[in-house]
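Below is one structure, written out as structure tokens; the observations come after it.
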There are 2 protein chains.
Amino acid sequence: MDQVDINSVEQIARLFKILSDPNRLRIISVLGKNECSVSELINGTGLPQTLVSFHLKTLRDSGMVDTERKGPFIYYRLKSPVLIDLLGAFNQYTFNGQKNKDMATGMPCPCSPWFFKKS
Amino acid sequence: MDQVDINSVEQIARLFKILSDPNRLRIISVLGKNECSVSELINGTGLPQTLVSFHLKTLRDSGMVDTERKGPFIYYRLKSPVLIDLLGAFNQYTFNGQKNKDMATGMPCPCSPWFFKKS
DNA sequence: ATAACATATGAGTAAAGACACATATGTGCG
DNA sequence: CGCACATATGTGTCTTTACTCATATGTTAT
């Protein structure tokens with residue numbers, strides 16, 4: 001039981017660590033709109049293939065995504081769409097909270113195109 | 001405007017990075033209950049002084065906490081209590097979501113003592 | 001079977017992060 | 001002042017992480 005207690009902080013920290021990379025957030029954000037293939041992720045994020053694959057491995061290992069092969073394509077999808085809502089909540093926090101007052105006006109939700117497009 | 005857009009993902013990622021360390025989460029969790037001095041944080045978390053100070057610097061630099069000197073003590077408090085709610089939401093996600101089904105039963109909120117105590 | 005495409009993996013590198021230890025700064029009291 | 005306490009900072013180290021490049025695996029069509 002102490003085991004469980006100790007683990008829980010570590011667990012949450014591990015979750016946040018996964019979310020703490022901008023490129024991974026871009027990938028997650030695209031996945032939040034639709035399940036999609038790796039190719040679509042590459043196009044959607046503007047990141048090189050190996051990098052997308054690299055981050056997808058992290059997401060797979062964390063159990064955050066499911067995969068399904070369809071012909072030559074492998075489709076990824078978020079196991080829990082709730083995650084997107086949580087990201088939205090944090091987005092609000094970042095721009096409307098006591099942090100970064102200078103960017104406090106009208107930011108769109110994390111699913112908007114600007115959120116994940118690379119440049 | 002493109003500037004802003006690109007930054008935002010980085011901003012959110014930076015926020016998550018701050019939350020991605022277990023010891024920092026412990027500190028934040030204690031702060032979520034009450035504003036308190038560094039000594040109280042050391043006691044509350046069971047972490048060595050220099051380590052607490054080290055992490056507090058991160059939290060200060062990120063603008064996540066405010067400080068106030070009271071005699072020899074320096075009191076820290078979260079700028080936005082909302083953060084605690086967000087942590088609670090993520091806690092729910094971690095244990096009730098599609099992840100870690102084996103720990104899915106009745107986890108307390110991140111403000112409970114077990115959440116931040118070291119061992 | 002070979003070619004073309006989709007995706008994953010492995011090695012190497014450079015940078016960031018967490019930490020411990022030693023030391024400095026700041027505050028109040030005798 | 002000098003001492004005890006509270007907190008911060010600097011340095012060195014070890015680990016982790018993001019990334020690139022090269023290469024491997026898997027799939028489909030010809």
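None of these values were measured; they are calculated from a predicted model.
If you check every strand for non-hydrogen atoms under 4.0 Å, B:Tyr75 touches nothing. Residue contacts shown for B:Thr50 include a base, since a base heavy atom lies under 4.0 Å away.
The distance from atom CD1 of A:Ile27 to atom P of D:dA18 is 11 Å, rounded to the nearest whole Å. One interatomic measurement links the two molecules: NZ of A:Lys17 to P of D:dT16, which rounds to 10 Å at whole-angstrom precision.
Taking the side chain as every heavy atom from C-beta outward, B:Val38 and B:Phe73 never approach each other to under 4.5 Å. Counting only heavy atoms from C-beta outward, the side chains of B:Ile42 and B:Leu47 never approach each other to under 4.5 Å.
If you check D:dC19, D:dA8, D:dG26 against the side chain of B:Val38, the one that comes closest is D:dA8. The side chain of A:Ser39 has C:dT7 as its nearest neighbour among C:dT7, C:dA20, D:dC19. Checking D:dT7, D:dC19, D:dT28 against the side-chain heavy atoms of A:Pro72 singles out D:dT28 as nearest.
Distances shown here put every side-chain N or O of A:Arg24 at or beyond 4.0 Å from the OP1 or OP2 atom of D:dC19. At the phosphate of D:dT17, neither OP1 nor OP2 sits under 4.0 Å from any side-chain N or O atom of A:Arg14. Under 4.0 angstrom from either OP1 or OP2 of D:dC19 there lies at least one side-chain N or O belonging to A:His55.
Comparing A:Leu51 and B:Glu40 along DNA chain D, the residue whose closest nucleotide (by nearest heavy atom) sits nearer the 5' end is B:Glu40.
Using cut-offs of 30° and 60° on the angle between ring planes, the pair B:Phe90 and A:Phe90 is perpendicular.
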Practice prompt. Might you work through the salt bridge (charged side-chain N to carboxylate O under 4.0 Å, His left out) test for B:Lys17 and B:Glu10, ending with a clear yes or no?
Written response: CA-CA 10 Å; B:Lys17 188 149 286 177; B:Glu10 318 276 345; over 6 Å; no

